[in-house]
Amino acid sequence: MTRSMEKIVALCKRRGFIFQNSEIYGGQNGFWDYGPLGTELKRNVRDAWYHDMISAHNELIKPDGAPSNYQMVGVETALIMHPQVWKCSGHYDLFHDMMVDCRETKARHRLDQVRIRKVSFEGESVEQEDGSRLDSVYVSTMSDEDFEAELTSEALRAFGKKKKYADRLQWDGDATTLDRIPESDFNIVVGPGATKAGTLTSPREFNLMMKTVIGALGTDDDAAFLRPETAQGIFVNFKNVVDSCRVKLPFGICQVGKSFRNEITPRNFTFRSREFEQMEIEFFCRPDQSAGWYTYWRDRRYEWYQKLGISADRLILRDHHAEELAHYSVGTADIEYAFPFLDDGEFGELEGVAHRGDFDLRSHMEGKLARDAAGELAVEQNEHGQPRHRGSGKDLSYFDDQARERFIPHVIEPSAGADRATLAFLCEAYEEDEQPDDKGNMQSRTVMKFHPRLAPIKAAVFPLIKKEGMPEKAAEIFGELKAAGLSCQYEQQGAIGKRYRRQDEIGTPYCITVDGDTASDGTVTLRDRDSTEQIRVKVADVVQEISERLNS
RNA sequence: GCGGAUGUAGCUCAGUGGUAGAGCACCACGUUGCCAACGUGGCUGUCGAGGGUUCGACUCCCUUCAUCCGCUCCA
């Protein structure tokens, strides 16, 4: 396999794309630093996104596939927000997962995902961890679908009975989940896959939000959180933007910025990091048009990656099944990439496009929402019948002065990972091919085939040899490219072939070489990264030629 | 968090209880002059970190950090 993650990670380090964070101190798990080339690459990814989604968007023209024309604006909000934001958004409750470990199977489970049911079998017993025997135990499974059948087979296994005795199991109560029984009963629970009862540890809290402290005195009352997503900064500013910027529905508010999550297992290079950057759009529209906008954004974002060089056979658009949807979502699709660290047929999420209905704006008006008994979203109540988490109380509805209607807009959220996109472009670009050396023998070559828009270095300028005025002429051309705002490099050391290979390895699409003919006919060679072919171009036309190729 | 593996020059890796090596890369000079590995010379390491045993530790022991694989988790 030529495209291995190991090789890509090594190249990233060797050539200055991505480094382990705090490496000289032994590193910090879950954090990564971008080197000079990685910084250029990631900035190009962000710039391409911002340009294509916002700057270059023409609000006067209805794009193909869109229900109507629309506006796009940007915001940049603080990393730290009022703690109530996270309570109403649902993160505060959801990000405090209670987990149990199993001493026997070494497995860790989310408390609310362990299905259990109490059972006995005609006075027979199950061994407890300490050796004593129990004639009534809870059996458990992590199975979500068909858990009733799973619980039955787990029960038969616990009592050492064959399948045909299933109807002799004596169930005590209905199936429930582990978070609904007291911890004192854990000693009679047979953990998922375990053979003995009582091997589960006490539940422990995993706080997925990163905590910080505001103020120099920093007491517990001053606790705040680093945002786990940029989206809430947009929602809480919805009214500000509407009131200040002459925007009319439908319109999108966008934001690029860092977010933080205490991932339990950061892994797979930068794919799952604790500090990461998001590129988010919250697109506000009339509820009766939201389905059309959802489809529009989903398809548009899927195409965006392909236009920047991701091949269609490594990218999938995956609609979530109904049961996979978050409680607030009407529809969600993931845009996923076949990263080299995944098994064949597996894909990793680059971006989620979610139809969020009016959940977010309503939450910040009324308070944290949850599904009620009828399945409708309603303000979640505490034991006193009060809102569990109180909203802002501000009116975030929108008045449509054409239709003379007031309503809470629906939201379509295309939420992309800047680091994940950058990683996908890195993985996609990596290629090893064969090129002839000066004797015509084929030699392997490592080449990063970045889309020219994303390439960290757009062009390299070389004098063929270090004399006869060539370095001076090359320096002049280099200066002109720089002045035109193009990121480029100058190299004069080493054989010309080696310089080409070095540029191939960092994905520079074009190399310009000043040679013996330059002085006489005023031309240089322009060499293409992918084909290695060269053409002659007039020195005076170099900047324009490169610029045109980059924009084509 | 659990289990397994790994950590020695920029990279790939050798190495022995007695003051650390090779190839490549890099730099300089020379040569060639349009697709890497020609000649000569040169630079480089707190042998992942901390502690212990020892007269002496890269080597033995403990702890820790990071990376990879598997499990778990992934709003």
Side-chain angles (χ1 to χ4, degrees), chain A residues 4-7 9-11 13-16 19-32 86 89-97 99-111 113 142 192-193 201 204 206-209 228-229 231 259-269 271-274 326-329 341 343 348-349 352 354 415 434-447 462-468 470 493-505 511-517 524-529 531-534 536:
Chain A
S4 77
M5 203 60 209
E6 206 175 326
K7 287 181 181 176
V9 172
L11 187 143
K13 184 183 173 184
R14 183 158 40 88
R15 303 310 305 266
F19 305 125
Q20 169 71 41
N21 169 268
S22 306
E23 193 183 6
I24 61 169
Y25 284 104
Q28 184 72 18
N29 192 4
F31 297 88
W32 298 90
W86 308 113
S89 70
H91 290 88
Y92 183 83
D93 291 341
L94 277 171
F95 271 37
H96 288 70
D97 286 341
M99 314 280 289
V100 288
D101 291 323
C102 177
R103 281 184 287 266
E104 183 183 336
T105 64
K106 305 295 181 196
R108 167 175 295 162
H109 310 288
R110 241 173 76 176
L111 209 57
Q113 288 182 350
M142 294 306 293
T201 63
R204 282 187 294 173
F206 280 70
N207 190 346
L208 273 2
M209 274 204 289
E229 63 172 31
S259 294
F260 301 81
R261 294 177 192 182
N262 275 319
E263 296 291 350
I264 295 170
T265 312
R267 204 166 280 197
N268 290 330
F269 203 28
F271 184 78
R272 172 157 292 123
S273 299
R274 288 179 168 147
H327 60 288
Y328 48 75
S329 186
F341 52 76
D343 292 334
E349 182 183 344
S415 171
E434 301 254 306
Q435 295 294 339
D437 63 13
D438 57 346
K439 296 176 190 66
N441 301 318
M442 297 308 277
Q443 301 286 350
S444 77
R445 165 179 89 139
T446 300
V447 52
F462 312 142
L464 185 59
I465 56 175
K466 274 187 287 184
K467 52 190 174 191
E468 294 167 24
M470 292 184 203
Q493 66 277 44
I496 187 74
K498 180 171 273 187
R499 284 179 262 167
Y500 284 141
R501 297 300 170 84
R502 271 201 291 252
Q503 293 298 328
D504 289 341
E505 213 183 29
C511 292
I512 293 147
T513 302
V514 172
D515 62 13
D517 295 339
V524 291
T525 60
L526 175 63
R527 181 257 197 190
D528 179 82
R529 177 193 66 200
S531 66
T532 77
E533 282 166 8
Q534 0 186 12
R536 294 206 74 90

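So you know, we letter chains A, B, ... as the sequences are listed, proteins then strands, and number each from 1.
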Inter-nucleotide [atom1] distance ([N], [M]), Å rounded:
N: B:C11; M: B:C68; atom1: P; value: 16 Å
N: B:U54; M: B:C61; atom1: C1'; value: 12 Å
N: B:C62; M: B:G70; atom1: P; value: 27 Å

Where protein sits on nucleotides 28-44 of chain B, one letter per nucleotide: B base, S sugar-phosphate only, - none, heavy atoms under 4.0 Å = -----BBBBB-------
Which residue, A:R267 or A:Q28, contacts RNA chain B at a nucleotide closer to its 5' end, judged by nearest heavy atom?
-> A:Q28
Scan nucleotides 9-12 of chain B against the protein and return all N/O pairs shorter than 3.5 Å with their distances rounded to 0.1 Å.
residue: B:C11; atom: OP1; partner: A:K13; partner atom: NZ; Å: 3.0

Can you give the dot-bracket line for RNA chain B, using ( ) for pairs inside the strand, [ ] for pairs that cross earlier ones, | for pairs with another strand and . for unpaired bases, where Watson-Crick and G-U count if both distances are under 3.5 Å?
-> ((((((((.[[[[.)..(..]]]].(((((.......))))).....[[[[[..)....]]]]])))))))....
Could you tell me whether the phosphate oxygens of B:U67, OP1 or OP2, come under 4.0 Å of any side-chain nitrogen or oxygen in A:N29?
-> yes
Heavy atoms under 4.0 Å, any strand shown: does A:F271 hit a base, just sugar-phosphate, or nothing?
-> nothing
From the list A:Q435, A:R499, A:R445, side-chain hydrogen bond (donor to acceptor under 3.5 Å, both in side chains) with A:D504 holds only for A:R445
Derivation and outcome, ring-ring contact (aromatic ring centres under 6.0 Å, His included), residues A:F269 and A:F341 | CA-CA 9 Å; A:F269 203 28; A:F341 52 76; 8.8 Å; no
Does NZ or CZ of A:R274 come closer than 6.0 Å to the centre of the six-membered ring of A:F260, within 45° of the ring's axis?
-> no
